[in-house]
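Quick notes on the structure that follows.
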Amino acid sequence: SDRLLTLLAPLGDLYLRSEWVQALGGAAARTAERLGAWPARERRRRLALARALALAHAAQPAVQGRVLLVNLGLSAGGAERQILATLTGLAAAGIEPRVESATLLVSALPADGSRSFYLPEARRLAVALAEIGAGPDSAPALSPERARAEAAVLAYLPAKLARLAGELRREFAWRRPQVVHAWQDSTAIAAGVAGLLAGVPRIVLGARNMAPPAFLYWRPCLRPWYRVLAEFPGVALVNNSAAGAADYARWLGLAPGRIQVIRNGFALEGQLARTSAAEVASLRRAIGGPEGAPLVGSIFRYWPEKRPLLWARMAAAVARARPAAPFALLGWGPLQRALETLARRLGLGPRLHLLPAEADIARLLSALDVFVLTSRAEGTPNVILEAQYLGVPVVTTQAGGAAECVADGVSGWVDRTDTPDAIGSLVLRALADPDARARAAEHGPRLVRSRFGQARMIAETLAVYGLGR
């Protein structure tokens, strides 16, 4: 239960710093899923949830073309970047009568800035942003019978999600959106329940990765609630990769195709460009290494699913064959100390440079000879697309949707072994073949424009909303 997970929270630090504990935690999550899905128990639970929702569900008049996106904050993550891309794209689509408005609802943002990384960018782009619970509550009062029905639904949710769902129901009731698009799992459950209680005609539940049992944020309530919400005809489920959609479908026991794929989309022209040769030379001097030595690097959060320790072992394998090559990482997260300790033990020492999170992404990418990602699970890693857009060859593990971002052998190379020596050998192959790197630099930008353009993403999103042409 969620109560048990709260009691075990102090073990989280050990989880983050031990790969074998991470593997054990994933196995425990999968076991808990199987126990909780015992057929008779699962049917009874889902039936109770569905009955409660059906009794409390009520349609309401909606404002045609009004769209609400829901996410807890604007942290430094790929989902948040796509939220901004979606909002700006929908705002452009509002020139036509399909979209009346598009607003992002977020929880109160802490003063410490922990969930506000993209807030300055949101303000720069002038996207519509609203805080949950901060607006006027002009929703009609509930009858005692209706209030009891809704309370019965919320009682099935963990306390925090129940509070969030209640707040969102009031927001939806007075804002009267035609579409609610919720991003990321727990928020999707709360918003899905709230949307049905408030009678929102179209509810889109957006997942951004592989299924939750592979991650620390897994909760026992996710699977039964997703399965119940998927039974309502106005609810759509989406994922940003084919691998992620298939994994969710297997996890939830849904038919293939029930979860639609909307790949990430960017309008990178004018927003991302290679930095000048002088700036690249300045960064290379700061990183060190002999003149002309190849630079291998990456950008990611130092979290278990990104496998920074595997990245360090890959770098050590490359360093053995290329003793002059330096390495550079831009990132942040709880595994940084473990990464630094392992790098010293592997003899990388000063050759591995950890750049601060606020460093210029385009500047580092422009300086790289090869970009390497060693994740265990990904939806659509935006940084792989940015690297290719700037003409940087990519080496990546298969990692769910990561392999879908690369033309294997053309714009980059995909490793399917998850071993540091094999990943390192692909990096060494790329470094030894300037013609292959030149082909990757030519093909990468074309691939990103054709497969991951913003206009395509917005058209597919509007179609899922029911606002397409």
Side-chain angles (χ1 to χ4, degrees), residues 2 4-6 8-33 72 75-80 114-115 117 184-186 207-220 222 239-241 243-244 247-248 251 297-316 327 329-346 348 352 354 357 371-384 395-403 415-420 422-423:
D2 281 25
L4 176 61
L5 291 174
T6 301
L8 294 175
L11 296 176
D13 190 62
L14 175 62
Y15 176 91
L16 290 172
R17 284 164 172 76
S18 172
E19 291 180 322
W20 71 265
V21 174
Q22 294 162 27
L24 183 62
R30 290 188 291 272
T31 300
E33 289 279 7
L72 288 184
S75 302
E80 288 76 10
S114 59
R115 289 194 278 112
F117 183 87
Q184 309 190 83
D185 295 296
S186 293
R208 313 295 303 171
N209 215 312
M210 307 300 278
F215 300 98
L216 187 59
Y217 56 74
W218 169 84
R219 292 293 181 270
L222 295 176
N239 198 290
N240 64 348
S241 73
D247 198 42
Y248 266 80
W251 174 55
S298 193
I299 301 169
F300 56 82
R301 292 177 289 109
Y302 304 142
W303 277 79
E305 64 270 19
K306 304 296 184 180
R307 297 195 294 196
L309 306 187
L310 175 60
W311 203 98
R313 294 186 181 102
M314 173 281 304
F327 304 87
L329 289 176
L330 191 161
W332 62 96
L335 283 175
Q336 180 165 339
R337 185 175 299 176
L339 172 62
E340 292 169 337
T341 300
L342 178 61
R344 286 193 298 270
R345 199 172 78 226
L346 293 171
L348 291 172
L352 176 60
L354 302 186
F371 176 94
V372 187
L373 197 67
T374 57
S375 298
R376 170 171 48 84
E378 291 279 359
T380 297
N382 295 325
V383 70
I384 282 186
V395 171
T396 180
T397 48
Q398 189 164 7
D415 168 75
R416 292 176 171 82
T417 69
D418 283 354
T419 62
I423 302 167

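- Closest non-hydrogen pair, Trp303 versus Trp332, comes out as CD1-O, 4.5 Å.
- The side chain to side chain contact (heavy atoms under 4.5 Å, CB included) check on Gln184 picks up Asn71, Ala79, Glu80, Arg208, with sequence neighbours excluded.
- In this structure Arg344 satisfies the salt bridge (Lys or Arg N to Asp or Glu O under 4.0 Å) test with no other residue, sequence neighbours excluded.
- Taking both residues in full, the closest heavy atoms of Tyr248 and Asn209 are given as CE1-O, 3.2 Å, listed atom of the first, atom of the second, then distance.
- Under the rule for a side chain to side chain contact (heavy atoms under 4.5 Å, CB included), the partners of Ala422 that lie at least two apart in sequence or sit in another chain are Asp415, Thr417, Thr419.
- Of all heavy-atom pairs spanning Asn240 and Gly379, the tightest one is OD1-CA, 3.6 Å.
- Heavy atoms only, all atoms of each residue included: Ile299 and Leu373 are closest at O-CD1, 4.4 Å.
- Every residue two or more places apart in sequence or in another chain that forms a side-chain hydrogen bond (donor to acceptor under 3.5 Å, both in side chains) with Ser375 is listed here: Glu378.
- If you take CG on Leu335 and CZ on Arg307, they are separated by 12.5 Å, rounding to the nearest 0.5 Å.
- Residues Leu222 and Trp251 approach most closely at CB-CH2, 3.9 Å, considering heavy atoms.
- Checking side-chain atoms of Arg301 against main-chain N and O of Gly333 turns up no donor-acceptor pair under 3.5 Å.
- Separation of atoms CG (Leu354) and CG (Leu330) is listed at 9.5 Å; rounding is to 0.5 Å.
- Residues Pro420 and Leu310 approach most closely at CD-CD1, 3.7 Å, considering heavy atoms.
- With sequence neighbours excluded, the residues that form a side chain to side chain contact (heavy atoms under 4.5 Å, CB included) with Arg345 are Leu342.
- By the salt bridge (Lys or Arg N to Asp or Glu O under 4.0 Å) test, Asp247 is found to be paired with Arg250, residues two or more places apart in sequence or in another chain being considered.
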